[in-house]
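Take a look at the structure set out below.
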Amino acid sequence: MSVEPLQSARPVPFGQLVPVIVHFDDLDALGMLHNSRYPVLAERAWADHWHRHGFTFEGDWAAASDMCNVIKELKVSYERPITRPGGYAAHLWIERLGRTGMTYGFRICSADGTETYAHGHRVIVRVDPHALRPTPWSDRARTLAAELLRPAPDETLPEGEAA
């Protein structure tokens with residue numbers, strides 16, 4: 001299933017908002033979104049973003065091209081709990097685009113992008129499916145990723161988010 005990026009009342013200054021759903025069974029015994037679900041929401045939003053642009057994985061790593069990548073690092077900082085099921089958003093951007101690696105930034109936020117619940121980044125490396133060694137991103141992936149590059153660090157994130 002593919003979802004279109006959200007158009008917020010106050011557009012995000014960079015990147016895009018992708019709708020995500022928190023279900024009742026995502027909440028823990030205290031009635032809060034379980035900590036492991038935040039990166040899952042971000043991961044699903046990124047997968048949706050790439051799939052919307054024709055990057056897919058259908059079981060064949062050799063044919064997967066840029067989708068054949070591995071996670072090198074994942075960091076999540078929690079700002080405030082999500083305590084209700086419903087519609088939220090993942091604010092997605094690219095922090096760094098290297099030859100073989102890429103750093104994704106993300107925020108799990110309110111559907112309009114104004115409230116931040118968690119934020120973080122994920123470093124991925126594209127790998128050759130046979131050698132499992134780093135290999136360069138395709139020109140097509142680099143062009144798409146460049147559209148989401150975060151502006152210079154002196155520009156600020158939406159209110160409430162640490163860099």
Side-chain angles (χ1 to χ4, degrees), residues 1-8 10-22 26 35-79 87-113 116-158 161-163:
M1 179 171 100
S2 181
V3 235
E4 290 303 312
L6 293 168
Q7 301 300 317
S8 67
R10 190 180 102 207
V12 290
F14 55 87
Q16 69 175 266
L17 291 176
V18 175
V20 296
I21 303 283
V22 171
D26 292 324
N35 63 17
S36 68
R37 304 307 290 167
Y38 292 85
V40 170
L41 291 173
E43 177 77 21
R44 287 179 179 165
W46 274 114
D48 182 66
H49 168 76
W50 288 105
H51 292 167
R52 260 194 337 272
H53 291 90
F55 291 84
T56 61
F57 173 70
E58 297 179 12
D60 179 359
W61 285 114
S65 183
D66 295 285
M67 295 301 283
C68 186
N69 56 69
V70 295
I71 296 175
K72 180 178 179 179
E73 177 180 295
L74 174 66
K75 179 182 178 189
V76 183
S77 294
Y78 303 94
E79 300 297 325
Y88 294 87
H91 176 195
L92 309 176
W93 66 89
I94 304 291
E95 291 182 2
R96 182 188 160 281
L97 176 59
R99 188 173 145 282
T100 62
M102 186 181 307
T103 303
Y104 290 167
F106 66 88
R107 281 189 314 129
I108 302 303
C109 55
S110 57
D112 65 1
T116 298
Y117 299 98
H119 60 90
H121 71 261
R122 178 176 79 143
V123 179
I124 63 170
V125 177
R126 181 174 180 212
V127 295
D128 175 275
H130 304 293
L132 297 179
R133 301 291 305 155
T135 193
W137 298 106
S138 70
D139 289 341
R140 184 169 160 243
R142 294 183 66 75
T143 299
L144 179 60
E147 293 174 9
L148 293 179
L149 273 173
R150 179 179 173 175
D154 61 328
E155 296 185 29
T156 59
L157 291 173
E161 181 184 346

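Every value quoted in this text rests on a predicted model; they were computed, and no experiment measured them.
Between P39 and V76, the shortest heavy-atom distance links the atoms CG-CG2, 4.1 Å. Between A111 and G87, the shortest heavy-atom distance links the atoms CB-O, 4.0 Å. The minimum heavy-atom distance between R142 and W137, with the atom names listed, is CG-CB, 3.7 Å. Nearest approach of R140 to H53, heavy atoms of both residues: NH2-O, 2.6 Å. Across all non-hydrogen atoms, the minimal contact from A90 to A45 is CB-CB, 3.5 Å. For I21 against D26, the heavy-atom pair with the smallest separation is O-OD2, 4.1 Å.
Sparse packing is recorded around CG of D139, with 12 or fewer heavy atoms of other residues, nucleotides or ligands lying under 6.0 Å away.
One finds the CD1 atom of I124 at 11.0 Å from the SG atom of C68 (value rounded to the nearest 0.5 Å). Once rounded to the nearest 0.5 Å, the distance linking OG of S65 with CG of D60 reads 11.0 Å. Put simply, CH2 on W61 and NE2 on H130 are 12.5 Å apart, with the number rounded to the nearest 0.5 Å.
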Test log, rule side chain to side chain contact (heavy atoms under 4.5 Å, CB included), inputs L144 and F55:
CA-CA 11 Å; L144 179 60; F55 291 84; 3.8 Å; yes
Evaluate the criterion side chain to side chain contact (heavy atoms under 4.5 Å, CB included) for residue pair T56 and M67; output intermediate values, then yes/no.
CA-CA 7 Å; T56 61; M67 295 301 283; 5.8 Å; no
Could you go through H91 and F14, starting from their C-alpha distance and side-chain angles, then the distance that decides it, and tell me whether this counts as ring-ring contact (aromatic ring centres under 6.0 Å, His included)?
CA-CA 9 Å; H91 176 195; F14 55 87; 5.3 Å; yes
Test ring-ring contact (aromatic ring centres under 6.0 Å, His included) on W46 and F106 and set out the steps.
CA-CA 9 Å; W46 274 114; F106 66 88; 8.5 Å; no
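Without hydrogens or angle criteria, R126 side chain to T135 main chain gives no donor-acceptor distance under 3.5 Å. Looking only at distances, no side-chain donor or acceptor of R122 sits under 3.5 Å from a matching main-chain atom of E43.
Taking S138 as the reference, D66 meet the side-chain hydrogen bond (donor to acceptor under 3.5 Å, both in side chains) condition, with sequence neighbours excluded.
Using a 30° and 60° split on the angle between ring planes, Y88 and Y117 fall in the perpendicular class, above 60°.
Considering only heavy atoms from C-beta on, M102 stays 4.5 Å or farther from N69 through its side chain.
In summary, R44 and D48 do not engage in a salt bridge, as defined by a charged side-chain N under 4.0 Å from a carboxylate O.
Evaluated for a side-chain contact (heavy atoms from CB on, under 4.5 Å) with H121, the options L74, T103, I94 yield exactly one hit, T103.
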